[in-house]
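Data first, discussion second: the structure below is written as structure tokens.
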Amino acid sequence: MIIGSWLILCVIAIFDLRDNRIPNRWVLLLIFSAVANWFTEISWTVAATHSLLGGIALFSGGLCLYVVKAMAAGDVKLLAAVGCLVGWGNIMPVTLCISLSAGIVALFVLAQHTAMQPYSVNELYQKVKYRAVHLGRDPLQSTESKLVMPFAPSVVLGMALFEFLSL
């Protein structure tokens with residue numbers, strides 16, 4: 001991957017961390033950097049085909065997750081751009097690396113969220129017990145304390161892990 005793609009990915013991750021939004025112009029820049037990567041290959045038509053197939057595959061997977069409300073729309077667009085960047089042949093290892101890094105980031109986000117809660121250990125136990133009895137619903141939880149995880153940093157970490165492991 002070229003350095004420009006890494007810079008764009010880092011900027012996208014910063015926007016997602018700061019604003020919980022991924023601007024479309026940065027995703028388009030990432031797609032343009034993927035197109036620029038086509039011309040570094042000997043057979044650019046094959047590279048373009050693999051890139052488009054990778055983008056369609058990750059977009060389709062992300063769209064399925066969006067439909068079941070497991071992912072935001074900006075994350076779906078980001079996955080499509082990442083699919084274009086890595087191409088069809090690297091979809092499975094990249095998806096595995098992104099999933100692994102997303103799990104690690106989710107553990108840190110959960111730990112931070114738990115540490116910032118004003119509850120004692122006994123109160124947390126009572127909340128967990130109440131949720132177990134009432135099928136996971138907590139009427140005391142307000143909407144502003146909803147736990148969300150920015151996905152773009154997980155994508156950047158997963159891409160870095162993929163690049164590290166593919167050396």
Side-chain angles (χ1 to χ4, degrees), residues 1-115 136 143 145-167:
M1 244 181 1
I2 57 177
I3 294 174
S5 301
W6 280 109
L7 292 174
I8 294 168
L9 278 170
C10 288
V11 168
I12 288 173
I14 290 169
F15 269 109
D16 198 18
L17 278 170
R18 187 182 66 186
D19 303 332
N20 275 344
R21 290 183 44 90
I22 300 173
N24 291 337
R25 68 181 82 121
W26 288 101
V27 176
L28 282 174
L29 277 174
L30 190 60
I31 291 172
F32 288 142
S33 73
V35 171
N37 282 338
W38 296 352
F39 299 108
T40 62
E41 301 291 327
I42 295 171
S43 175
W44 69 270
T45 56
V46 173
T49 304
H50 285 272
S51 177
L52 291 175
L53 286 174
I56 290 170
L58 279 185
F59 178 78
S60 301
L63 189 62
C64 291
L65 291 172
Y66 174 73
V67 167
V68 296
K69 298 185 192 268
M71 186 173 282
D75 299 331
V76 175
K77 295 180 287 188
L78 177 62
L79 282 180
V82 166
C84 288
L85 196 60
V86 297
W88 175 255
N90 294 322
I91 291 292
M92 290 306 288
V94 164
T95 304
L96 180 66
C97 290
I98 289 173
S99 300
L100 182 65
S101 67
I104 292 169
V105 170
L107 287 175
F108 281 109
V109 168
L110 182 62
Q112 178 193 18
H113 179 75
T114 305
T143 56
S145 69
K146 182 179 177 185
L147 180 61
V148 293
M149 182 185 97
F151 188 63
S154 302
V155 171
V156 174
L157 289 174
M159 293 287 291
L161 181 63
F162 168 73
E163 289 290 328
F164 176 74
L165 293 176
S166 66
L167 289 178

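Please read these numbers as outputs of a predicted model, since none were measured by experiment. Computation of the quantities below employed the complete heavy-atom set of this structure, encompassing side-chain atoms and omitting hydrogens, waters and symmetry-equivalent molecules.
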TODO: Please report the shortest heavy-atom distance between Cys97 and Gly158, naming the atom on each side.
DONE: CB-O, 3.3 Å
- [ ] Return each pair, listed once, that meets side-chain hydrogen bond (donor to acceptor under 3.5 Å, both in side chains) where at least one residue sits in residues 46-65; pairs must be two or more places apart or across chains.
- [x] Trp38-Ser51
Task: Residue list, side chain to side chain contact (heavy atoms under 4.5 Å, CB included) with Thr45, at least two apart or on another chain - done: Ser43
Task: Atom of Pro150, atom of Pro153 and distance for their closest heavy-atom approach - done: O-CD, 3.7 Å
TODO: Calculate, to the nearest 0.5 Å, the distance between atoms CD1 and CG belonging to Ile22 and Leu30 respectively.
DONE: 10.5 Å
Task: Beyond-backbone contact of Val105 with Met149, side-chain heavy atoms, under 4.5 angstrom - done: yes
Task: Pair Ile98-Phe151, side chain to side chain contact (heavy atoms under 4.5 Å, CB included): steps then yes or no - done: CA-CA 9 Å; Ile98 289 173; Phe151 188 63; 3.7 Å; yes
Open item on the list: Under the side-chain hydrogen bond (donor to acceptor under 3.5 Å, both in side chains) definition, can you give me all pairs with a residue in residues 12-23, not counting sequence neighbours?
Closed with: none
Task: Pairs meeting criterion side-chain hydrogen bond (donor to acceptor under 3.5 Å, both in side chains) with involvement of residues 80-103, two or more places apart - done: none
Kindly list each side-chain donor-acceptor pair under 3.5 angstrom involving residues 61-86, sequence neighbours excluded, with atom names and distances?
residue: Lys77; atom: NZ; partner: Asn24; partner atom: OD1; Å: 2.3

- [ ] First locate atom CD of Glu163, then atom CG of Leu161, and finally report the distance between them rounded to the nearest 0.5 Å.
- [x] 10.5 Å
Task: Partners meeting side chain to side chain contact (heavy atoms under 4.5 Å, CB included) with Leu7 (sequence neighbours left out) - done: Ile3
TODO: Determine whether more than 12 heavy atoms belonging to other residues, nucleotides or ligands lie under 6.0 Å from atom CZ of Phe32.
DONE: no
